[in-house]
Each structure stands twice: as structure tokens, then as C-alpha cells.
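Heavy-atom basis, side chains included; hydrogens, waters and symmetry copies ignored.
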Amino acid sequence: LPGVGQNLQDHLIAPMQFKDPPQTSYRQVFTLIVSGLARYAATKTDPLTGSGAEALAVFDSAKDADAERKGPNFQVHFMPASMEPPFTAEVTYVETKARTLLRRPFYMTTLIATLLHPYSRGSLALASSDPFEQPVIQPAYLSDRRDLRVLVEGLRSIRRISAEMRKIAPRLFGDEVLDESLVREIARLRDWDVEDVALGGRKRIEAADSDAYLEEYVRRVTMTLYHPGISFQWSFAN
């Protein structure tokens with residue numbers, strides 16, 4: 001039938017990590033599950049009795065001027081754990097000045113930008129007439145640049161939230177964990193001294209705050225929230 005398998009949509013998330021100075025967060029989600037089950041078995045209480053996403057907020061991006069869309073277009077979740085993005089090991093290397101990559105991230109919390117109304121459309125198709133063969137799924141994430149723009153705006157909102165949290169409780173909420181390889185890449189593109197930028201200063205902040213950094217960051221860390229749907233129309237237009 002016309003349209004079947006088209007129009008596939010999904011909610012995307014882009015996590016942003018922050019240091020946890022008092023080390024009260026869970027080192028990683030696996031640790032949360034293992035220690036939580038043991039504590040719950042002993043006391044019948046534990047953070048696992050919560051939702052995992054302990055707080056959330058919804059926003060409407062001013063840069064998404066879609067007159068037909070109604071309601072907020074992204075939300076932010078807070079997790080007291082690290083989601084361990086692919087650059088975590090490298091950040092650990094920079095922090096410890098070690099000579100090998102230690103796959104043991106420091107304590108972190110996570111704020112997550114979630115795309116609520118994606119514009120990108122993917123597809124779902126049969127690979128063959130064999131019902132046991134896996135289908136061909138092309139999610140086409142971020143194929144519509146408006147989705148990228150909304151997630152970048154979401155990360156900027158997260159940075160504003162985190163800045164206010166550090167003002168209120170500087171000992172409880174730490175600095176953002178940057179993707180060091182991406183910071184260096186931005187520095188090289190701008191012909192800056194890469195090592196100076198890596199050590200800190202105004203240009204490091206400028207590099208991390210650039211649209212180029214945030215857009216590439218979104219491409220690197222974005223993942224599905226496992227809400228795929230609408231791969232066919234319920235009815236057809238006349």
C-alpha cells in the first residue's frame with residue numbers, strides 16, 4: 001500500500017555530563033542496578049524505587065518557528081548517573097594526566113535534551129518475503145536540520161540551567177565534561193594553539209560554546225529514546 005513503511009519518527013536524546021564533586025551519584029547505570037537491588041532486598045528502600053530520571057522540564061525553542069506545532073518541542077531530564085558517552089575515557093585521561101586511557105569515569109550526573117517533535121522522517125521496509133529476515137530500518141535521524149537546531153538549543157538551555165545550579169550549590173554540581181577531542185578539532189579549524197585551548201582560558205570557552213562544537217557534539221552522542229512509530233498512515237487523503 002502507498003505510504004506503508006514511510007514516515008518513521010522517533011524521539012532522540014542528547015546527554016550532557018557534569019562532574020559530581022561530592023561523588024553522590026552512581027558511577028554508571030549498571031552500578032545503580034546492582035547496588036540498588038542489593039539495598040532494596042535489605043531495606044525495601046533505594047533510589048531504584050524512583051524513576052531514574054529524577055526531574056524534568058519542558059521548553060519551547062524560540063528558534064523553531066513552526067506555526068503548526070503546538071506545545072513544547074524539547075524536554076530536559078536529570079539523571080544522578082553517568083550515561084558514559086564515547087568520549088568519557090578520553091576525558092578521564094585528560095583529568096588524570098595518565099598515559100593510558102582508563103575506562104573508569106569519574107562521578108558524573110547527566111542532563112538530557114530530548115527532542116519531542118522530530119521533523120526527520122525515516123522508513124521501514126521488508127528485506128525479502130522471508131518473515132524471519134530482519135527488516136530494513138532507516139531511521140534517518142537528524143536528516144532534517146531543524147531537529148539538529150532544536151537539540152543544540154536544548155543543550156544551550158541545559159548549560160543555562162547548570163550555571164544557575166552551580167550558583168546555588170557550587171559544591172554539589174560541577175562543571176560540564178567536555179569532549180576534549182572535539183574542542184581540539186574546533187581549535188585546529190580556527191588555527192588556534194591546540195594545547196593552549198586544551199589547558200583552558202577564553203578560547204577554550206569560545207570553542208565549546210560555538211555552534212560548530214554543539215552541532216558535532218549532537219551528532220556524536222545522540223541516541224534513540226526507543227519511541228519509534230508512525231511508520232504508516234492510519235488513513236489516506238482523498
Min side-chain heavy-atom separation [X]-[Y] under 4.5 Å:
X	Y	answer
M16	S162	no
T110	Q17	yes
S210	I186	yes
I112	P15	yes
F78	I161	no

- Query: Between E176 and R166, is there a side-chain N and carboxylate O pair less than 4.0 Å apart?
  - Reply: no
- Salt-bridged, E153 to R160, with N to O below 4.0 Å? yes
- Task: Quick one: do L8 and I137 satisfy side-chain contact (heavy atoms from CB on, under 4.5 Å)? Show the steps, please.
- Result: CA-CA 9 Å; L8 181 63; I137 302 174; 4.0 Å; yes
In one Ile/Leu/Val/Met/Phe/Trp/Tyr side-chain cluster, 4.5 Å: [X], [Y]:
X	Y	result
W192	L178	yes
F74	Y141	yes
M165	L155	yes
F59	L151	yes
I13	V58	no

Can you tell me if [X] uses its side chain to pair, donor with acceptor, with the backbone of [Y] under 3.5 Å?
X	Y	result
H117	P72	yes
S120	S143	yes
D147	L142	no

- Step-by-step side-chain contact (heavy atoms from CB on, under 4.5 Å) determination, L115 to H11: CA-CA 6 Å; L115 181 68; H11 290 146; 5.9 Å; no
- Any pair with a residue in residues 125-136 that passes side chain to side chain donor-acceptor pair (under 3.5 Å), sequence neighbours left out, goes on the list, sorted by first then second residue, please. S128-E133
- Message: Quick one about H77 and T114 (side-chain donor to acceptor, distance below 3.5 Å, no hydrogens or angles considered), yes or no?
- Response: yes
- Item | Evaluation steps, salt bridge (charged side-chain N to carboxylate O under 4.0 Å, His left out), between E206 and K203 | CA-CA 5 Å; E206 185 178 338; K203 286 188 175 180; over 6 Å; no
- Item | Partner set under side chain to side chain contact (heavy atoms under 4.5 Å, CB included) for D209, not counting sequence neighbours | R156, R159
- Item | From CA spacing to verdict: side-chain contact (heavy atoms from CB on, under 4.5 Å), E216, D179 | CA-CA 10 Å; E216 182 58 27; D179 183 336; over 6 Å; no
- Has R219 got more than 12 heavy atoms of other residues, nucleotides or ligands less than 6.0 Å from its CZ? yes
- Message: Please determine whether the number of non-hydrogen atoms from other residues, nucleotides or ligands lying under 6.0 Å from atom CG of L225 exceeds 12.
- Response: yes
- Message: According to salt bridge (Lys or Arg N to Asp or Glu O under 4.0 Å), who are the partners of E185, at least two apart in sequence or on a separate chain?
- Response: R220
